[in-house]
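See below for the structure under consideration.
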Amino acid sequence: MKRQVLTLTLAAMAASASADDGWVSVGATRVVAPASPQVTQPSSPALPSQSVVAQLPVDNSGSGNLVSELLMQVEQMQNEIATLRGRLEEQGARLERMEREQQDRYLDLDGRVSSLMSASYADTGANKAPVTEASTPDVGKPSPADAYKSAMELVRAKKFTEAGAAFDSFAETYPEAPLLVNALYWSGEVNLVEGHLNVAEARFRRVMTDFASHTKAADATYKLGVTLHKAGKNAEARQVLQSVIDEYSGSADGTVALATSYLKKVPVE
């Protein structure tokens with residue numbers, strides 16, 4: 001009898017304990033969790049919701065990681081900028097080299113054309129005085145072809161001061177020679193290189209105004225715009241360069257391209 005009472009007492013205590021902690025006792029040997037627990041265990045605090053977590057301050061370790069990442073990005077950008085700068089300098093050096101090579105080829109081509117023109121002019125006998133028994137050739141005076149060739153050789157040798165004087169002398173000595181316009185143009189070129197802007201401007205203007213139909217007119221007009229820009233006459237320089245674009249498109253496209261490119265360098269006033 002006492003044993004039955006003790007058994008019933010223990011069963012009641014177990015049932016009471018199970019009810020207190022939210023567990024349901026099924027039979028005497030199996031315990032299962034309730035479908036909807038209503039009491040939170042003190043030893044397991046509830047986790048905060050996502051909205052609460054988002055409002056929590058970032059700890060020091062997270063901030064340090066962010067700073068490190070930003071520093072890495074800045075370093076990477078600096079490396080990329082240095083690489084781009086190196087490529088830009090390389091491109092600039094290559095462009096300068098190409099411009100020098102183009103100028104050398106232009107000088108060579110112009111010299112060849114001028115030589116052919118002077119040889120043709122010499123063959124016509126237009127520059128030769130009739131030889132008679134009473135007359136003797138003036139051996140001390142060179143032919144226009146030889147004089148122009150000598151001046152061009154000075155240009156190739158980069159003796160620009162001497163070349164300018166030689167071209168001016170040619171223009172004064174042979175005012176009717178077919179190469180007069182070429183001599184005036186190259187006088188402007190070498191004076192521009194030497195920084196004699198007033199002389200260069202005068203030579204280019206003469207070609208542009210007095211020989212507008214000559215093949216050198218487009219180049220002379222373009223170089224006049226360059227000379228005016230170097231002299232600080234930006235408004236007039238822009239006007240002259242624009243005239244190259246307007247007047248010589250389709251007939252001197254290479255010079256038009258140069259004028260279009262150079263026009264971007266001249267500030268608007």
Side-chain angles (χ1 to χ4, degrees), residues 99-129 137-231 233 236-237 240-241 243-244 248 252 254-255 258-259 262:
E99 289 178 349
R100 289 195 299 269
E101 293 175 353
Q102 183 181 9
Q103 180 70 9
D104 292 339
R105 288 194 296 268
Y106 178 76
L107 289 173
D108 182 68
L109 178 61
D110 186 81
R112 292 174 185 271
V113 173
S114 299
S115 298
L116 291 173
M117 291 176 61
S118 60
S120 176
Y121 177 73
D123 291 340
T124 61
N127 190 50
K128 296 179 180 179
D138 187 0
V139 296
K141 185 178 181 180
S143 66
D146 292 336
Y148 187 86
K149 181 179 179 181
S150 298
M152 287 301 301
E153 288 176 352
L154 291 172
V155 175
R156 295 189 183 92
K158 299 186 186 304
K159 298 180 180 180
F160 299 126
T161 301
E162 294 88 339
F167 284 123
D168 289 341
S169 176
F170 181 95
E172 293 177 1
T173 306
Y174 307 105
E176 303 297 330
L179 292 173
L180 171 65
V181 181
N182 297 64
L184 291 172
Y185 172 82
W186 281 106
S187 176
E189 281 277 18
V190 296
N191 278 284
L192 176 60
V193 172
E194 291 287 281
H196 304 150
L197 301 182
N198 291 335
V199 178
E201 179 181 346
R203 301 295 183 271
F204 291 136
R205 282 191 185 277
R206 184 178 175 187
V207 175
M208 183 183 70
T209 56
D210 295 349
F211 305 94
S213 60
H214 196 275
T215 56
K216 284 293 185 184
D219 293 340
T221 307
Y222 162 65
K223 284 303 179 73
L224 175 60
V226 174
T227 304
L228 291 170
H229 171 241
K230 291 184 179 297
K233 304 175 183 179
E236 189 176 0
V240 170
L241 292 170
S243 70
V244 176
Y248 296 101
T255 306
L258 292 174
Y262 197 91

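The structure presented is a predicted model; accordingly, all values stated were derived computationally and were not measured.
Side-chain contact between His214 and Val207: absent, with no pair of heavy atoms (C-beta onward) separated by less than 4.5 Å. Contact annotation: the side chain of Glu201 never approaches that of Leu197 to less than 4.5 Å [non-hydrogen atoms, C-beta and beyond]. Phe211 has its side chain out of reach of Lys216: every pair of non-hydrogen atoms, C-beta onward, lies at least 4.5 Å apart.
Annotation for Val244 and Ala218: closest pair CG2-O, 4.5 Å, computed over non-hydrogen atoms. Contact record, Ala200 with Gly188: CB-O, 3.4 Å, taken as the closest heavy-atom pair. In terms of heavy atoms, Leu180 sits closest to Pro175 at CD2-O, 3.0 Å. Closest approach of Asp168 to Ser187, counting heavy atoms only: OD1-OG, 2.7 Å. Here the closest heavy-atom approach between residue Ala151 and residue Phe167 is recorded as CB-CE2, 3.4 Å. The shortest heavy-atom contact between Gly164 and Val190 is CA-CG2, 3.4 Å.
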Discussion item. One pair to check against side chain to side chain contact (heavy atoms under 4.5 Å, CB included): Val155 and Glu189. What are the steps and the verdict?
Written reply: CA-CA 10 Å; Val155 175; Glu189 281 277 18; over 6 Å; no

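Rounded to the nearest 0.5 Å, atoms OH (Tyr222) and CG (Leu258) are 4.5 Å apart. Taken from CZ in Phe170 to CG in Leu184, the straight-line distance is 9.5 Å, to the nearest 0.5 Å. Rounded to the nearest 0.5 Å, atoms OH (Tyr248) and OG1 (Thr221) are 4.0 Å apart. To the nearest 0.5 angstrom, Leu241 atom CG is 8.5 Å from Leu224 atom CG. Once rounded to the nearest 0.5 Å, the distance linking CG of Asn182 with OG1 of Thr215 reads 6.5 Å. Rounded to the nearest 0.5 angstrom, Leu179 CG and Met152 CE are separated by 10.0 Å.
In this structure a side-chain-to-backbone donor-acceptor pair under 3.5 Å is present from Ser150 to Asp146. Without hydrogens or angle criteria, Ser243 side chain to Val240 main chain gives a donor-acceptor distance under 3.5 Å.
A side-chain N or O of Tyr262 and one of His229 form a donor-acceptor pair less than 3.5 Å apart.
For Glu236, the salt bridge (charged side-chain N to carboxylate O under 4.0 Å, His left out) partners are Arg205, not counting sequence neighbours.
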